[in-house]
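Okay, so here's the structure we're looking at.
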Amino acid sequence: MTKAKKLFIKTYGCQMNVYDSSRMEDVLKPLGYETTDGPDDANMVILNTCHIREKASEKVYSELGRLKKIKKKRSENDEMIIAVAGCVAQAEGEEISRRAPYVDMVFGPQTYHNLPEMLAKAHRAGDETGRGILMTDFPAEDKFDHLPDPVKPEGYTAFLSIQEGCDKFCTYCVVPYTRGAEYSRPAAQVMKEARQLIAQGALEITLLGQNVNAYHGDDGHGGEWTLGRLIRELADLDGLERIRYTTSYPAEVDDDLISAHADVPQLMPYLHLPVQAGSNRVLAAMNRNHTREQYLEIIAKLKAARPDLALSSDFIVGFPGENERDFEDTLDIIRQVGFIQAFSFVYSARPGTPAAAMDLQVDKVVANERLQILQKLLMDIQTQFNEDCVGREFPILLERVGRKPGQLVGRSPYMQPVHVEAPLDFVGQIHDLKIISARPNSLGAQIIHKVRNSA
Ligand code: SAH
Ligand code: SF4
Ligand code: F3S
């Protein structure tokens, strides 16, 4: 038995990074690494980073500064390996070791299955500070072929990456450069991982991909499964109660996927379908490949398939060339669709992307003012939606105990956190609950005496 070593992973960015971090734990577990809650007692610290906006990537360097101080205090036989993973690692590579020479490893999102090899190299390099190991290869295929089975009990909800990378090249976005080309995992590999997650207790699986509806997984017989097909096959697995998928690219939502929303009851009536902006001029400049009218048409079809469907979105304000009129169009599409949840950001110019070189960059003050207006509108809609839930009954997946005694916390089909006074053994079950109160970010519920049969 090797002595247990401590691993701390700090995760930034999107759900794909959350998934990757938990897979890194799986890769390192056989090498004796157990997770710990902070860097102070860690023998290995991995920052799994995000490059999407300037602020996100700059955070990494301030965190590295803090880690440097901890590492300095370590004795010879209490090693601390510092690694930078994820999208900043991919985008900045050696630049990281130049700015922070005490960093031992830099590796991209498609290479972490090589961690054992990188660690062996690090140990061969002795205890110099900054071992200079760099791995930033593509593609994703290799990673998925070499990852071990997931070992971490994932709780009742689990993420499953089915697709990596993006070929869409929206003009503001770094993801095609940091994650590489689109790649879909073979259908059998995805189904196997889903079965393992269900066996570990997952009642809900969220399928992940930078562009998840571009999924076209090899079926092993010369054909391919679409996302719609995959969802239907997953729905047939015993024990899987809820299916979600994120993030989708509107221009690639096809009729097969729309009909899955009508046919598959396990597919939750809630969809994150980022529109970014409501003006056709801005959408074209962003290279989103659809107009405002086409987006609204997709929503109409989805709602015809699943009338209780609600939507969430991401928005970018202050894209180069965005004028007041364009911004009004964005507010207008928000009112029309009634997004019940959203992430919104001021445009951040990313080096190397086409939009960074566009004329008419919007003044930061103006962009921030627009963001405030947009966020107020989104919050009003979200609050109203939550209030309209009062009096309705929803199946709630009870995930954990709450802060107050006797209280449990769960999620509605619309991802709203729900608090309820309920017996402890309800944790890990889905119960129909009556919503009795609403706040901007959560709901309160009450048990109705009718237990849902989970078979
Ligand atoms: N694949 C997803 C988005 C992934 S990035 C999609 O196509 O919708 C997550 C979000 O970050 C994007 O939806 C966008 O709103 C935001 N984002 C991406 N690049 C940005 C930039 N340069 N400045 C500000 N926000 C950005
Ligand atoms: Fe980025 Fe566009 Fe790809 Fe989404 S679809 S990851 S925004 S390039
Ligand atoms: Fe960030 Fe990379 Fe995800 S840039 S949003 S962590 S794909």
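Throughout, residue positions are numbered sequentially from 1 according to the sequence presented.
- Ion pair Glu58/Arg99 flagged as a salt bridge, since at least one NZ, NE, NH1 or NH2 atom sits closer than 4.0 Å to an Asp/Glu carboxylate oxygen.
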Q | Worked check of salt bridge (charged side-chain N to carboxylate O under 4.0 Å, His left out) between Glu54 and Arg350 | A | CA-CA 7 Å; Glu54 191 180 351; Arg350 307 305 286 130; 5.3 Å; no
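- Cation-pi geometry between Arg23 and Tyr112 is not met: the NZ or CZ atom fails to fall both under 6.0 Å from the ring centre and inside 45° of the normal.
- Of the charged side-chain nitrogens involved, none lies within less than 4.0 Å of a carboxylate oxygen, so that Glu34 and Lys29 do not count as a salt-bridged pair.
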Q. Passes salt bridge (charged side-chain N to carboxylate O under 4.0 Å, His left out), Arg370 versus Glu322? Steps please.
A. CA-CA 11 Å; Arg370 288 181 189 162; Glu322 180 191 80; 2.8 Å; yes
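- More than 12 heavy atoms of other shown residues, nucleotides or ligands fall within 6.0 angstrom of atom CG in Asp425.
- Going from atom CZ of Arg392 over to atom CZ of Phe394 covers 4.0 Å, rounded to the nearest 0.5 Å.
- Proximity of a side-chain donor or acceptor of Gln210 to a complementary backbone N or O of Gly165 within less than 3.5 Å is detected.
- The side-chain contact (heavy atoms from CB on, under 4.5 Å) with Glu204 is formed by just one residue from the set Glu241, Arg244, Gln266; it is Arg244.
- Between Glu95 and Arg98 a salt bridge is recorded (basic side-chain N to carboxylate O distance below 4.0 Å).
- Gln416 and Asn386 form a side-chain donor-acceptor contact under 3.5 Å, judged by distance and modelled atom types alone.
- Ser313 places a side-chain N or O within donor-acceptor distance of the main-chain N or O of Val275, the cut-off being under 3.5 Å.
- Under the 3.5 Å distance criterion, with hydrogens and angles disregarded, no donor-acceptor pair is assigned to the side chains of His51 and Thr178.
- With no hydrogens or angles considered, a side-chain donor-acceptor pair links Gln375 and Ser344 at under 3.5 Å.
- The line from SG of Cys173 to CE of Met286 is 10.5 Å long, rounded to the nearest 0.5 Å.
- Aromatic rings of Phe339 and Phe315 (six-membered ring for Trp) have centroids within the 6.0 Å cut-off, being under it.
- Of the possible polar contacts, one joining the Arg281 side chain to the Gly321 backbone as a donor-acceptor pair under 3.5 Å is found.
- To the nearest 0.5 Å, atoms CG (Asp254) and NZ (Lys301) are separated by 9.5 Å.
- The salt bridge (charged side-chain N to carboxylate O under 4.0 Å, His left out) pairs that include a residue from residues 283-295 are Arg292-Asp332, where partners are two or more places apart or lie in different chains.
- Using a 4.5 Å heavy-atom threshold, the side chains of Trp225 and Asp218 count as separate.
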Q | From CA spacing to verdict: side chain to side chain contact (heavy atoms under 4.5 Å, CB included), His431, Ile396 | A | CA-CA 5 Å; His431 288 270; Ile396 308 294; 5.8 Å; no
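- Here the closest heavy-atom approach between residue Val106 and residue Ala89 is recorded as CG1-CB, 3.7 Å.
- Classified by interplanar angle (parallel below 30°, tilted 30° to 60°, perpendicular above 60°), the ring pair His146/His113 is parallel.
- Counting only N and O atoms by type, the side chains of Gln276 and Tyr295 include no donor and acceptor under 3.5 Å apart.
- The ring of Phe169 has its center closer than 6.0 angstrom to the ring center of Tyr177.
- Using a distance-only test at 3.5 Å, with no hydrogens or angles considered, a donor-acceptor pair links the side chain of Asn43 to the main chain of Lys6.
- Gln110 and Asp142 share no side-chain donor-acceptor pair at under 3.5 Å.
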Q.
Does Arg229 form a salt bridge (charged side-chain N to carboxylate O under 4.0 Å, His left out) with Asp256? I'd like the steps, not just the answer.
A. CA-CA 8 Å; Arg229 171 80 189 271; Asp256 175 45; over 6 Å; no
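- Note that NE2 of His261 is 11.0 Å distant from CG of Asp308, once rounded to the nearest 0.5 Å.
- Ion pairing between a basic and an acidic side chain is recognised when a charged N comes within 4.0 Å of a carboxylate O; Glu182 and Lys168 show such pairing.
- A pairwise comparison of heavy atoms in Met105 and Val103 identifies O-CG1, 3.5 Å as the closest pair.
- In this model, a donor atom of one side chain and an acceptor atom of the other lie less than 3.5 Å apart for Asp388 and Gln384.
- By the 4.5 Å heavy-atom criterion applied to side chains, Leu227 and Tyr245 are counted as neighbours.
- With 3.5 Å as the limit, one finds no donor-acceptor pair spanning the side chains of Asn48 and Thr11.
- Side-chain contact between Phe159 and Val18 is present, with at least one heavy-atom pair separated by less than 4.5 Å.
- Residues passing the side chain to side chain donor-acceptor pair (under 3.5 Å) test with Asn213: none are found, sequence neighbours excluded.
- Side chain to side chain, Asn289 and Tyr249 meet the donor-acceptor criterion of an N or O pair below 3.5 Å.
- Proximity of Pro109 to Cys87: side-chain heavy atoms (C-beta onward) are separated by under 4.5 Å at one or more points.
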Q | From CA spacing to verdict: salt bridge (charged side-chain N to carboxylate O under 4.0 Å, His left out), Glu164, Arg179 | A | CA-CA 7 Å; Glu164 278 267 356; Arg179 293 271 170 173; 3.6 Å; yes
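- Between atom CG of residue Asp219 and atom CG of residue Leu230 there is a gap of 12.0 Å, rounded to the nearest 0.5 Å.
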(Q) Please evaluate residues Leu208 and Thr246 with respect to the criterion side chain to side chain contact (heavy atoms under 4.5 Å, CB included), reporting the C-alpha separation (whole Å), side-chain torsions for both, the decisive distance (0.1 Å), and the verdict. (A) CA-CA 5 Å; Leu208 298 180; Thr246 199; 3.7 Å; yes
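- Counting only N and O atoms by type, the side chains of Thr171 and Asn287 include no donor and acceptor under 3.5 Å apart.
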Q) Given the rule in the side chain to side chain contact (heavy atoms under 4.5 Å, CB included) test, do Ser348 and Lys55 qualify, once you have shown the distances and angles that lead to the verdict? A) CA-CA 9 Å; Ser348 167; Lys55 248 195 209 146; over 6 Å; no
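- Look at Arg185 and Asp145 and you find no salt bridge, because none of the NZ, NE, NH1 or NH2 atoms lies under 4.0 Å from a carboxylate O.
- Between Tyr183 and Phe144, the ring planes are parallel. Angles under 30° get that label, and only those over 60° would be called perpendicular.
- Remark: Leu119 CG to Ile133 CD1 distance equals 8.0 Å, nearest 0.5 Å.
- Using modelled atom types, one finds a donor on one side chain and an acceptor on the other under 3.5 Å when comparing Asn441 with Gln382.
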